[in-house]
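Note that ligands are numbered from 1 as they come in the structure, with each ligand's atoms numbered from 1 the same way. One-based numbering along the sequence shown.
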Amino acid sequence: MGLSEAVLSGERLALARLITQIENDTDPGRKVLDELFPYTGKAHLIGVTGSPGTGKSTLVNQLAKYFRSPSNGQDRRKVGIIAVDPSSPFTGGAILGDRVRMRDLTGDAGVFIRSMATRGALGGLARATTGVAQAMDAAGFEVILIETVGAGQSEVDIARLAHTTLVVEAPGLGDDIQAIKAGILEIADILVINKADLPGVENTERALRSNLEMGHALKSGEDHDRFHNVRASISILADDSGWTPPIVRSIAAKGEGITELADIINKHAVYLKTTNQWQQREHNRLKTELKLYIMDRLYQTWREQVPESIFEQALEGVLQRKRSPFETIEQLLQKSMLKF
Ligand SMILES: Nc1nc2c(ncn2[C@@H]2O[C@H](COP(=O)(O)OP(=O)(O)OP(=O)(O)O)[C@@H](O)[C@H]2O)c(=O)[nH]1
Ligand SMILES: [Mg+2]
């Protein structure tokens with residue numbers, strides 16, 4: 001049996017092998033993904049992002065347990081987890097910590113966990129993450145949780161690869177919510193205030209709400225009076241698509257608020273499907289994916305044509321302020337065979 005068939009039939013070892021190939025961006029790995037692509041598109045991709053230490057891994061662990069629970073009144077769903085760690089190497093503390101936190105999920109054949117670290121060039125991580133999500137999707141994992149630290153553009157890109165994006169905040173990160181600086185609130189479908197057992201929850205919620213109001217309500221001309229009659233935990237601010245990014249509180253460490261959160265995640269999927277926006281998201285998602293591939297591929301191809309010495313020389317010219325980066329790129333492009 002080939003690797004594709006083995007993955008399709010749900011063999012864990014085959015999936016693990018394929019994922020390694022995807023991470024290393026090998027030709028055979030790409031070929032298997034090509035073969036599997038027609039079998040993808042079934043999973044609900046859920047991005048979980050937010051500032052470091054807000055409890056994302058703990059939350060992902062709890063959500064996975066919930067989706068695996070036979071007692072939640074719904075079908076048990078197979079859950080894939082991708083923990084993307086943009087900073088630390090594979091053996092890093094954060095990932096080791098995640099392993100410990102997710103220990104209670106191991107041994108369940110309906111859960112597959114993979115941690116990934118940054119490698120390769122521009123777009124490499126997002127590309128690999130997409131590939132891993134596709135592999136899990138083809139292998140029959142119905143819910144795929146993708147955890148990223150919301151610290152920069154690459155995390156935002158990864159979040160865009162999801163159907164539903166959770167932005168996780170926690171009290172005590174300072175008056176200014178860190179994620180706001182990264183513009184990450186704009187990509188939130190659901191806002192989670194985790195660590196709701198800590199003091200300052202009200203402040204965090206107020207800060208989030210006022211930022212949402214600035215971002216969404218004024219734009220869409222919502223009637224401000226409506227804000228006063230609303231349940232504290234639910235925001236009525238609608239984005240352009242008509243979805244209201246709710247604010248949900250949780251205490252992931254104690255498993256509190258998880259049922260409510262899972263419920264809203266499911267509602268978001270239903271909402272997307274009944275309003276045709278699932279297709280719209282798929283369109284946007286695949287567009288982002290194609291863009292990432294193109295960026296990655298063009299950059300790699302171009303770099304292969306430009307000898308390191310020439311690149312370094314050009315960089316030196318920029319360092320000495322002889323030429324601007326823009327002029328430098330123009331010159332380098334003229335020297336290479338790739339024309340734009
Ligand atoms: N008080 C409290 N602590 C929590 C809660 N949820 C998680 N924690 C703790 O917060 C710490 C960080 O949790 P993680 O789940 O690793 O957070 P993370 O966002 O995944 O962290 P990074 O991946 O490193 O950004 C751990 O010590 C958790 O036990 C909660 O609801 N309340
Ligand atoms: Mg984590």
- Message: Heavy-atom pairs closer than 4.0 Å: do any link ligand 1 to the side chain of Asp197, the backbone, both, or neither?
- Response: side chain
- Query: Taking everything shown except Leu13 itself, do over 12 heavy atoms lie less than 6.0 Å from its CG?
  - Reply: no
- Distance-only N or O hit between ligand 1 and Pro52, under 3.5 Å: no
- Where's the contact between Leu59 and ligand 1, heavy-atom distance under 4.0 Å: side chain, backbone, both or neither? neither
- If you look at Glu147, which of its N/O/S atoms is nearest to the Mg ion (ligand 2)? OE2
- Hey, does Thr58 come in under 3.5 Å of ligand 1, counting only N/O atoms on both sides? yes
- Query: Got an N, O or S from Thr58 under 2.8 Å of the Mg ion (ligand 2)?
  - Reply: no
- Query: Tell me, do Ile146 and Ile81 make a side-chain contact under 4.5 Å, heavy atoms counted?
  - Reply: no
- Message: Using side-chain hydrogen bond (donor to acceptor under 3.5 Å, both in side chains), reason through Arg114 and Thr20 one step at a time and then give a plain yes or no.
- Response: CA-CA 10 Å; Arg114 189 70 174 218; Thr20 304; 3.0 Å; yes
- Glu147, portion touching ligand 1 at heavy-atom distance under 4.0 Å: side chain
- Give the atoms of ligand 1, by number and element, whose distance to some non-hydrogen atom of Ser57 is under 4.0 Å. 15 (O), 18 (P), 20 (O)
- N/O to N/O below 3.5 Å, does that happen between Ala252 and ligand 1? yes
- Donor-acceptor pair, side chain of Glu256 and main chain of Ser250, under 3.5 angstrom: no
- Message: As a test of understanding, state which of Trp243, Tyr271, Trp278 forms a ring-ring contact (aromatic ring centres under 6.0 Å, His included) with His163.
- Response: Trp278
- Task: For Ala162 and Gly47, work out which heavy atoms get closest and say how close.
- Result: CB-N, 3.3 Å
- ligand 1 atoms nearer than 4.0 angstrom to some heavy atom of Gly53 are 12 (C), 17 (O), 18 (P), 19 (O), 21 (O), 22 (P), 25 (O)
- Grab the two heavy atoms, one from Asp189 and one from Pro246, that are nearest each other, plus how far apart they are. O-CD, 3.3 Å
